[in-house]
Amino acid sequence: MTQQIESTDAMMMMRRALAGSVGVVMTMGALHEGHLSLVEAARRENEHVIATIFVNPTQFNSGDDFTNYPRTLERDIDLLARAGVDFVFTPTAAQMYPPRYQTHVEVEIVSAGLEGESRPGHFRGVSTVVTKLLNLTQPTRAYFGQKDAQQVVVIRQMVRDLSVPTEIVVCPTEREIDGLAMSSRNVRLSVPHREAAGVIFRALRTAAQRYDAGERHPVALRDTALTVLASEPLAEVDYVALCDPRTLFGVHDRTDDPMLMLVAVMIGGVRLIDNALLPWSLNERAALSLHLGVSG
Ligand code: AMP
């Protein structure tokens with residue numbers, strides 16, 4: 001039986017009554033196979049599973065994006081029930097941020113570039129809400145998707161810096177047949193834009209193939225991805241970056257160490273992000289948890 005919990009008090013009370021390991025999956029709803037893959041991992045590895053659904057207003061830096069974010073609560077709860085989730089926590093913004101709310105969590109360095117630069121305040125919103133949800137659910141393990149790689153790095157840093165006693169598990173990106181990373185925002189793409197969005201995965205794959213063929217220079221790998229992206233007139237590149245996966249510092253010289261390639265593209269007014277570890281063989285769970293962000 002899946003139980004919906006709507007208040008923060010009730011969540012804390014339910015949590016206190018749970019003995020044994022707890023896995024948590026945090027989402028903003030509009031669920032897809034990517035979210036469900038995190039739930040499956042949590043189900044396999046913990047005695048209890050809590051999923052949270054909260055469209056967190058403080059991590060949106062555009063009011064339109066927040067307003068237009070898809071909301072499908074009933075369907076989501078149904079999907080989570082079928083996936084074997086024990087509790088679905090669906091707090092309101094008023095519960096999470098009551099009047100005179102004034103505390104925020106800021107992870108300084110790894111939040112600054114990439115998404116942090118394009119979306120000011122985004123990671124402050126994310127690290128604050130994740131801290132609150134971790135405190136409310138007190139999980140043994142929390143499951144996050146590689147799709148939001150910088151978010152994983154930020155959360156791992158926050159968890160280490162604030163001594164949060166939760167293991168952060170990173171699960172690989174679930175993709176559509178053409179390779180497009182599953183995302184709640186994909187439903188906002190028109191048919192031609194949806195078709196065009198396949199270019200993001202082709203750019204990552206082509207760069208990874210060059211890597212596997214021996215290319216190790218980040219500039220050459222970035223140029224490869226940019227050339228593929230330029231072949232799609234509907235895609236407007238925000239950034240393509242090659243970074244150290246632990247620190248997110250840019251890599252500027254040839255190296256045999258793993259690199260993280262991150263891409264952000266606007267297509268038809270929808271901002272899409274994706275990434276891959278190079279070499280491509282590292283894009284699986286054990287390697288992701290090892291390489292992405294600080295460990296230990
Ligand atoms: P969101 O609802 O977009 O905030 O995502 C909730 C969680 O699901 C985050 O940890 C995301 O990284 C993860 N996630 C989103 N898309 C995917 C995907 N395609 N594959 C795996 N995990 C994903």
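We count ligands from 1, going down the list as the structure has it; atoms in each ligand are counted the same way.
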Notebook entry, point to check: Do NZ/NE/NH1/NH2 and the carboxylate oxygens of Asp178 and Arg202 come within less than 4.0 Å?
Noted result: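 A salt bridge is absent here (no side-chain N lies under 4.0 Å from a carboxylate O).
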Next item on the list: Answer yes when Arg188 and Asp65 have at least one side-chain N-carboxylate O distance shorter than 4.0 Å, and no when they do not.
Entry: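 Counted as a salt bridge, because a side-chain N and a carboxylate O are separated by less than 4.0 Å.
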Check: If you count the non-hydrogen atoms of other residues, nucleotides and ligands that lie under 6.0 Å from CD in Glu117, is the total more than 12?
Finding: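 Not more than 12 within 6.0 Å, no.
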Notebook entry, point to check: Honestly, is Arg71 close enough over Phe66, meaning NZ or CZ under 6.0 Å from the six-membered ring centre and within 45° of the axis?
Noted result: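 The answer is yes, since Arg71 meets both limits relative to Phe66.
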Starting from the N and O atoms of ligand 1, collect every protein N/O partner closer than 3.5 Å and put each pair on its own line with the distance to 0.1 Å.
residue: ligand 1; atom: 2 (O); partner: Met28; partner atom: N; Å: 2.9
residue: ligand 1; atom: 2 (O); partner: His35; partner atom: NE2; Å: 2.9
residue: ligand 1; atom: 5 (O); partner: His35; partner atom: NE2; Å: 3.4
residue: ligand 1; atom: 10 (O); partner: Gly145; partner atom: N; Å: 3.0
residue: ligand 1; atom: 12 (O); partner: Gly145; partner atom: N; Å: 3.2
residue: ligand 1; atom: 12 (O); partner: Gly145; partner atom: O; Å: 3.2
residue: ligand 1; atom: 12 (O); partner: Asp148; partner atom: OD2; Å: 2.7
residue: ligand 1; atom: 16 (N); partner: Met182; partner atom: O; Å: 3.3
residue: ligand 1; atom: 19 (N); partner: Glu174; partner atom: O; Å: 3.0
residue: ligand 1; atom: 19 (N); partner: Met182; partner atom: N; Å: 3.4
residue: ligand 1; atom: 19 (N); partner: Met182; partner atom: O; Å: 2.9
residue: ligand 1; atom: 20 (N); partner: Glu174; partner atom: N; Å: 2.9

Notebook entry, point to check: Distance only, no hydrogens: is a donor on one side chain within 3.5 Å (strictly under) of an acceptor on the other, for Thr58 and Asn56?
Noted result: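 Looking only at side-chain atoms, Asn56 and Thr58 do form a donor-acceptor pair, the distance falling under 3.5 Å.
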Checklist line | Those residues that, when tested against Phe201, pass ring-ring contact (aromatic ring centres under 6.0 Å, His included) (two or more places apart) | finding: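 In terms of ring-ring contact (aromatic ring centres under 6.0 Å, His included), with neighbours along the sequence ignored, Phe201 is linked to Trp280.
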